2 protein chains.
Amino acid sequence: MSTLPFDPATIAEARRVTAEGQQHAVDPAVETLVTELIGRVADKWTMILLEVLEEHGELRFTQIARHVDGISQKMLTQTLRQMERDGMVTRTVHAVVPPRVDYRLTDLGHSLGAAFCGVWLWAEENLARVQAARESFDAR
Amino acid sequence: MSTLPFDPATIAEARRVTAEGQQHAVDPAVETLVTELIGRVADKWTMILLEVLEEHGELRFTQIARHVDGISQKMLTQTLRQMERDGMVTRTVHAVVPPRVDYRLTDLGHSLGAAFCGVWLWAEENLARVQAARESFDAR
DNA sequence: CGGTATCCAGGCCGATACTG
DNA sequence: CAGTATCGGCCTGGATACCG
């Protein structure tokens with residue numbers, strides 16, 4: 001909890017409207033769009049694909065599938081397509097037989113992956129704490 | 001993208017198994033649990049409640065509802081209950097009429113909120129880029 | 001006020017079959 | 001290999017009604 005690689009207070013402050021009403025004041029319309037974007041992007045498979053592509057670089061469809069346990073072909077296609085639409089990955093089709101399609105993170109995708117790194121680290125560090133909390137909650 | 005408050009490469013490296021096979025090697029069983037935890041926690045409403053409670057401190061049920069646009073009572077209750085079970089918030093019931101229930105982030109909740117700050121900042125900074133990517137994708 | 005309980009429509013997602 | 005198409009179950013989540 002104390003080993004997070006950035007300072008929570010600093011970031012919280014950066015997001016907050018300052019007392020002087022400076023320019024990080026949240027335009028409500030933009031706030032809604034941002035919330036929607038997060039809803040779209042804070043998806044289990046998206047996060048995992050980000051992680052896998054970050055670690056391995058360019059991968060083919062089946063290679064990704066092999067790295068992601070439990071994903072169906074449908075969800076993999078769907079998630080990749082959505083990520084492509086959102087500008088997170090590039091999709092390169094090679095005109096060969098058998099077909100070969102390579103997926104690679106864009107800069108935008110990399111930056112989102114980086115943003116999620118904090119969440120991954122948090123989950124690894126605090127898994128035990130969450131499990132303990134659940135046990136004591138359920139024991140009632 | 002360049003203003004993220006932590007260094008992507010550093011964090012990516014921290015999560016990666018080193019060439020020397022050092023001890024951050026991912027135990028597959030733990031990896032699964034971590035993935036599940038992220039799936040649980042990377043939820044739209046959870047992220048928003050984290051944000052609201054971070055900004056306003058202790059809040060009552062209806063106060064939270066007023067700060068979160070579009071949430072139904074059911075989802076608010078459900079999300080808060082889940083967060084309480086996971087040790088993210090405390091729930092304090094005051095024995096008065098009308099009833100008064102206060103919610104407050106725990107240290108664990110704060111730490112998760114901090115981890116998500118990177119994602120919020122990313123979304124704000126890159127909203128326009130994503131919108132542009134979608135337009136050019138859809139124009140086909 | 002701060003919830004439950006119930007109903008139900010819609011969407012998510014897996015399984016399966018098929019294709020260039 | 002890398003998909004698309006279709007079906008169907010289930011679960012999410014909104015709406016509504018009720019309660020201590």
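Naming convention: chains lettered A, B, ... in sequence-line order (proteins, then strands); numbering from 1 in each chain. Below, each value reflects all heavy atoms present in this structure, side chains not excepted, and no hydrogens, waters or symmetry copies. Just so we're clear, the structure is a prediction, and the values are computed from it rather than from any experiment.
As rounded to whole Å, 14 Å separates atom P of D:dC1 from atom OH of A:Tyr103. As rounded to whole Å, 16 Å separates atom P of D:dT12 from atom NZ of B:Lys44. One can place CD of A:Gln63 at 16 Å from C1' of D:dG3, the figure rounded to the nearest angstrom. Between B:Gln78 atom CD and D:dA15 atom C1' there is a gap of 15 Å when expressed in whole angstrom units. Note: CZ (A:Arg91) to C1' (D:dT4) measures 12 Å, nearest angstrom. Straight-line distance from the CG atom of A:Leu76 to the P atom of D:dG3: 8 Å, rounded to whole Å. As a whole-Å value, the separation of B:Leu80 CG from C:dG3 P is 8 Å. As a whole-Å value, the separation of A:Trp45 CH2 from C:dG14 C1' is 11 Å.
Here the closest heavy-atom approach between residue A:Met47 and residue A:Val41 is recorded as CG-O, 4.3 Å.
Comparing C:dG2, D:dG3, D:dG14 against the side chain of A:Thr77 picks out D:dG3 as the nearest. Nearest nucleotide to the A:Arg60 side chain, out of D:dG3, C:dG3, D:dA2: D:dA2. Closest to the A:Pro99 side chain, of the nucleotides D:dG14, C:dG14, C:dG20, is C:dG20. For A:Arg81, the listed nucleotide lying nearest its side chain is D:dT4; candidates were C:dG14, D:dT4, D:dA2. Taking every side-chain heavy atom of A:Met75 into account, C:dC13 is the closest of D:dG3, D:dC1, C:dC13.
A salt bridge does not link B:Asp102 to B:Arg104: none of the charged nitrogens lies less than 4.0 Å from a carboxylate oxygen.
Toward the 5′ end of DNA chain C lies the nearest nucleotide of B:Thr62, the other residue of the pair B:Lys74 and B:Thr62 mapping further downstream.
Note on A:Leu105: it does not cluster hydrophobically with B:Phe137, by side-chain heavy-atom contacts below 4.5 Å among ILVMFWY residues.
Not a single donor-acceptor pair under 3.5 Å links the side chain of B:Thr79 to the backbone N or O of B:Trp45.
For A:Arg40 and A:Thr46, the side-chain atoms include at least one donor-acceptor pair closer than 3.5 Å.
If you check distances only, the side chain of B:Gln73 does reach the base of C:dG3 with a donor-acceptor pair under 3.5 Å.
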